[in-house]
Structure formats: C-alpha cells, structure tokens
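One structure is given below, encoded as structure tokens.
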Amino acid sequence: MLEGKKPLAYFSGQYPPDPDVEEIPERLFDPYVEQGRFVKRDYVMFADNCGPSLRSKGLCMRIVMYALPDQEWRIDAMLLVLDSAAKSGWSEGFERMQGSLLGYEDWQNDIFIERIFRPANAKRKT
C-alpha cells in the first residue's frame, strides 16, 4: 500500500476484542492514516449479520479497512459485498469481488478460487 500498488487492506477480528490478542494491526497502519496516506473505516457486524456460531458465543466481528485516499470507494463496495453475503451466503462470486476490491488481478483470483476457495468450500459441504 505504501508503494501505491495495493488499494485496500482488510482485517477482521472478534468483537468485543480480546485485550490480550492483537488481531488487527492498527498500530502499524494508523500512523499512515494520521499522515493522510491511508483512510480507515471501522465496522462492527452485529446481531443477525454475525451468524449463529458467533451469536451463540456472544461474539460478533469487527472489520477494519484501510484504503488509499483515491480508492476509498472500495471500502463502501466491500461493505456492500459483506452485507449482501450475510443475507444470501458467501459464494464464489463474492470471493471474486472481494479479491478484486483488494486489488488482485483476475488471474490471481482464479488461482485462489481454484486452489483455496473451492477445496475449502467442498470440505464444508461434506
């Protein structure tokens, strides 16, 4: 991101956070927000958007995104993807959109989906 090659960074962790665990490396990114090199958005998924496994434990998810200033639109687009996926279920299409928003090229998304997403998704279905 500092070289301007990656437009968006996405981190997630449990909410409320465990004070003994640093899941989101804000201390590494926030100085660049203060300098105006990155913009930051903090988002917490509550209630129905958390899914039954998290709700049953009293946990939800906190998402922190950083974008280059001229790419801030990607944060809003990512939130739309996450909201839509929470309502209809995560899919290969959402995975591809997420990868594109993060700045990956089509060939990189293709490899990730073929080698990681599809095998992991197949295991969840069995």
Is there a continuous path of hydrophobic side-chain contacts, each under 4.5 Å between heavy atoms, that joins [X] to [Y]?
X	Y	result
Tyr43	Phe38	no
Val64	Val39	no
Tyr66	Leu80	no
Trp90	Met78	yes
Ile75	Leu68	no

Nearest atoms (heavy-atom pairs only) where [X] meets [Y]:
X	Y	answer
Pro69	Gly36	CG-O, 3.4 Å
Met1	Lys6	CG-O, 3.1 Å
Ser100	Asp106	OG-OD1, 4.5 Å

Mind checking whether [X] and [Y] have side chains closer than 4.5 Å, heavy atoms only?
X	Y	result
Tyr10	Ile24	no
Gln98	Asn109	no
Gln108	Asp110	no

[X] [atom1] to [Y] [atom2] distance, which is reported to the nearest 0.5 Å:
X	Y	atom1	atom2	value
Asp76	Leu101	CG	CG	10.5 Å
Met65	Arg74	CE	CZ	12.5 Å
Ile63	Asp42	CD1	CG	9.5 Å
Asn121	Ser91	CG	OG	9.0 Å
Asp18	Glu23	CG	CD	7.5 Å
Glu95	Ile113	CD	CD1	6.0 Å

Check your understanding: Charged N to carboxylate O under 4.0 angstrom, Arg27 versus Glu22?
Key -> yes

Check your understanding: Do the charged groups of Lys5 and Glu105 touch, with an N to O distance under 4.0 Å?
Key -> no

Review point. Taking the side chain from Arg62 and the backbone from Pro16, do they hold a donor-acceptor pair closer than 3.5 Å?
Key: no

Exercise for review: Could you tell me which residues satisfy side-chain hydrogen bond (donor to acceptor under 3.5 Å, both in side chains) with Arg118, sequence neighbours excluded, listed by chain and number?
Suggested key: Glu92, Glu114

Practice item. Kindly indicate, with the supporting measurements, whether the criterion salt bridge (charged side-chain N to carboxylate O under 4.0 Å, His left out) is fulfilled by Lys40 and Glu26. Key: CA-CA 10 Å; Lys40 177 182 180 179; Glu26 292 173 274; 2.6 Å; yes

Review point. With ring centroids as reference points, do Phe11 and Phe29 lie under 6.0 angstrom apart?
Key: yes

Review point. Is Phe117 atom CZ crowded by more than 12 heavy atoms from other residues, nucleotides or ligands, each under 6.0 Å away?
Key: yes

